[in-house]
Amino acid sequence: MDKKKVRDYMTYDVISVDSKGAAQDVIDKIQKTNHDGFPVVDGTRVIGYISARDLLFTQADTPVEQVMSKNLIVADPDMDINDAARVIFRSGIQKLPVVDEKNNLLGIISNSDVIRSQIEHVSPEKVFNFMSTLKKLYNVDPSLDRGTLPVKDLLPTQSKVYEDELEGRIYEIRKGLAEPIIVVRRPGRTILVDGHHRAVAAKKLGITALDSYIIDIKDDIELGLERTARAMNLKTLDDVQVLDYARHPLVAITHRIVKRD
């Protein structure tokens with residue numbers, strides 16, 4: 001299954017502020033658009049961000065470059081939307097400029113965009129797309145069922161989960177808000193396709209079975225996902241490593257300080 005990217009949810013038509021402008025220009029744009037902040041650009045390159053808060057106690061003729069925030073957290077258009085969500089909510093920033101490798105402004109991703117992506121996260125389309133992929137790859141005719149499956153029987157296919165997201169899934173399970181996991185069940189094996197954080201959370205809570213979309217395959221064939229699990233030495237959920245957010249590689253690559261040439 002293709003993971004949804006920032007490019008799928010970001011706003012492409014972005015209102016920006018010229019770095020050569022003054023505070024009054026930003027005030028005018030805030031009044032006109034009702035937006036609370038804008039990327040600051042030099043040509044097409046993002047060099048900062050200015051918000052309404054930055055304008056407090058600022059004279060109208062103050063240059064934008066003097067009051068804008070220069071230390072940026074930005075997003076890449078190919079970043080997984082869940083990773084962007086993690087960065088937004090853990091940093092407390094409401095909007096991330098989306099830039100290319102040269103810091104050219106491509107769009108903006110906001111916390112409301114991320115919420116929208118999460119609402120759309122689990123859908124029948126997602127399940128049926130994966131079933132279609134199985135048909136094409138293995139020439140099988142899978143069927144779909146909905147039910148509960150023992151957590152202990154799940155073969156993980158992802159080697160890591162992140163602690164902050166795990167905490168969110170634990171909260172959802174306790175509140176009865178958890179989405180079903182997606183599994184492929186073939187003779188002798190139940191393969192976890194989607195929902196590793198939910199499965200690990202359930203195990204931590206002592207929950208023995210999870211609501212599941214069950215894709216059944218009658219053929220006794222080894223899937224590529226199983227080969228991936230074997231390559232990572234994954235046999236049970238105990239083999240999945242839980243990483244603290246501080247160790248997430250995105251923390252390093254998204255804290256990009258944009259500097260002027």
Side-chain angles (χ1 to χ4, degrees), residues 1-5 8-9 80-83 85-86 113-230 232 234-240 242:
M1 273 180 297
D2 292 333
K3 292 186 176 181
K4 294 179 180 179
K5 306 293 185 182
D8 298 323
Y9 289 92
D80 187 292
I81 191 67
N82 290 325
D83 291 332
R86 183 176 290 108
D113 295 326
V114 166
I115 290 170
R116 179 164 56 90
S117 76
Q118 297 306 304
I119 291 172
E120 297 174 357
H121 183 64
V122 167
S123 68
E125 180 185 5
K126 184 175 187 179
V127 179
F128 288 121
N129 284 344
F130 186 70
M131 291 175 67
S132 178
T133 299
L134 289 174
K135 290 180 183 180
K136 292 177 182 178
L137 288 177
Y138 302 102
N139 193 29
V140 295
D141 187 22
S143 60
L144 180 62
D145 194 9
R146 178 78 178 266
T148 57
L149 289 175
V151 172
K152 65 179 179 61
D153 292 344
L154 299 175
L155 173 68
T157 57
Q158 178 179 311
S159 62
K160 301 173 184 177
V161 296
Y162 294 97
E163 189 171 16
D164 61 322
E165 189 170 344
L166 190 60
E167 291 170 358
R169 301 297 83 78
I170 288 173
Y171 173 85
E172 290 172 355
I173 289 174
R174 284 174 170 164
K175 294 292 184 179
L177 301 173
E179 303 165 343
I181 60 174
I182 301 174
V183 305
V184 173
R185 183 169 60 188
R186 69 163 184 83
R189 186 60 61 87
T190 304
I191 306 153
L192 180 58
V193 176
D194 185 81
H196 284 76
H197 284 87
R198 279 162 277 166
V200 173
K203 190 173 188 306
K204 282 184 172 292
L205 291 171
I207 294 172
T208 58
L210 276 177
D211 185 22
S212 310
Y213 289 115
I214 306 166
I215 301 171
D216 272 310
I217 297 178
K218 297 179 181 178
D219 307 76
D220 190 8
I221 58 173
E222 184 181 50
L223 304 183
L225 287 169
E226 295 175 76
R227 292 191 290 272
T228 299
R230 186 167 62 249
M232 293 187 293
L234 300 174
K235 297 178 181 178
T236 71
L237 290 173
D238 290 330
D239 300 319
V240 178
V242 178

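Using a 4.5 Å cut-off on side-chain heavy atoms (C-beta onward), L223 and I191 make contact. At a threshold of 4.5 Å between non-hydrogen side-chain atoms, the residues V193 and F130 count as touching. Proximity of H196 to T157: side-chain heavy atoms (C-beta onward) are separated by under 4.5 Å at one or more points. Contact check for M232 versus D239: no side-chain heavy atoms found under the 4.5 Å cut-off.
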Between side-chain atoms of residues 140-151 and protein atoms elsewhere (two or more places apart, or another chain), which donor-acceptor pairs fall under 3.5 Å?
unit_1: R146; atom_1: NE; unit_2: D211; atom_2: OD1; d: 2.9
unit_1: R146; atom_1: NE; unit_2: D211; atom_2: OD2; d: 3.3
unit_1: R146; atom_1: NH2; unit_2: D211; atom_2: OD2; d: 2.7

Solution key, residues 181-189 side-chain donor-acceptor pairs under 3.5 Å, sequence neighbours excluded:
unit_1: R185; atom_1: NE; unit_2: D216; atom_2: OD1; d: 2.7
unit_1: R185; atom_1: NH2; unit_2: D216; atom_2: OD1; d: 3.3
unit_1: R185; atom_1: NH2; unit_2: D216; atom_2: OD2; d: 2.9
unit_1: R186; atom_1: NE; unit_2: I221; atom_2: O; d: 2.8
unit_1: R186; atom_1: NE; unit_2: E226; atom_2: OE1; d: 3.3
unit_1: R186; atom_1: NE; unit_2: E226; atom_2: OE2; d: 2.9
unit_1: R186; atom_1: NH1; unit_2: D220; atom_2: OD1; d: 2.7
unit_1: R186; atom_1: NH2; unit_2: E226; atom_2: OE1; d: 2.8
unit_1: R189; atom_1: NH1; unit_2: E226; atom_2: OE1; d: 3.4

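Residues forming a salt bridge (Lys or Arg N to Asp or Glu O under 4.0 Å) with R174 (at least two apart in sequence, or on another chain): none. Every residue two or more places apart in sequence or in another chain was checked for a side-chain contact (heavy atoms from CB on, under 4.5 Å) with N139, and none qualifies. R227 meets the side chain to side chain donor-acceptor pair (under 3.5 Å) test with no other residue; sequence neighbours excluded. Residues that satisfy the salt bridge (Lys or Arg N to Asp or Glu O under 4.0 Å) test with E167, not counting sequence neighbours, are absent from this structure.
Note that NZ of K152 is 11.5 Å distant from OG1 of T236, once rounded to the nearest 0.5 Å. L192 contributes atom CG, which lies 12.0 Å from atom CG of D153 (distance to the nearest 0.5 angstrom). For the atom pair R169 CZ and Y162 OH, the distance stands at 14.5 Å (nearest 0.5 Å). In this structure, CD1 on I207 lies 9.5 Å from CD1 on I170, to the nearest 0.5 angstrom.
The backbone N or O of P180 lies less than 3.5 Å from a partner atom in the side chain of R198, making a donor-acceptor pair. Under the 3.5 Å distance criterion, the side-chain polar atoms of S212 are left unmatched by any main-chain donor or acceptor of I214. Under the 3.5 Å distance criterion, the side-chain polar atoms of H197 are left unmatched by any main-chain donor or acceptor of V161.
The two residues Q158 and K160 make their nearest non-hydrogen contact at NE2-O, 2.7 Å. Of all heavy-atom pairs between A201 and I173, the closest is CB-CD1, 3.8 Å. Annotation for P156 and A229: closest pair O-CB, 3.4 Å, computed over non-hydrogen atoms.
Between D83 and R86 there is a salt bridge, with a side-chain nitrogen of the basic residue lying less than 4.0 Å from a carboxylate oxygen of the acidic one.
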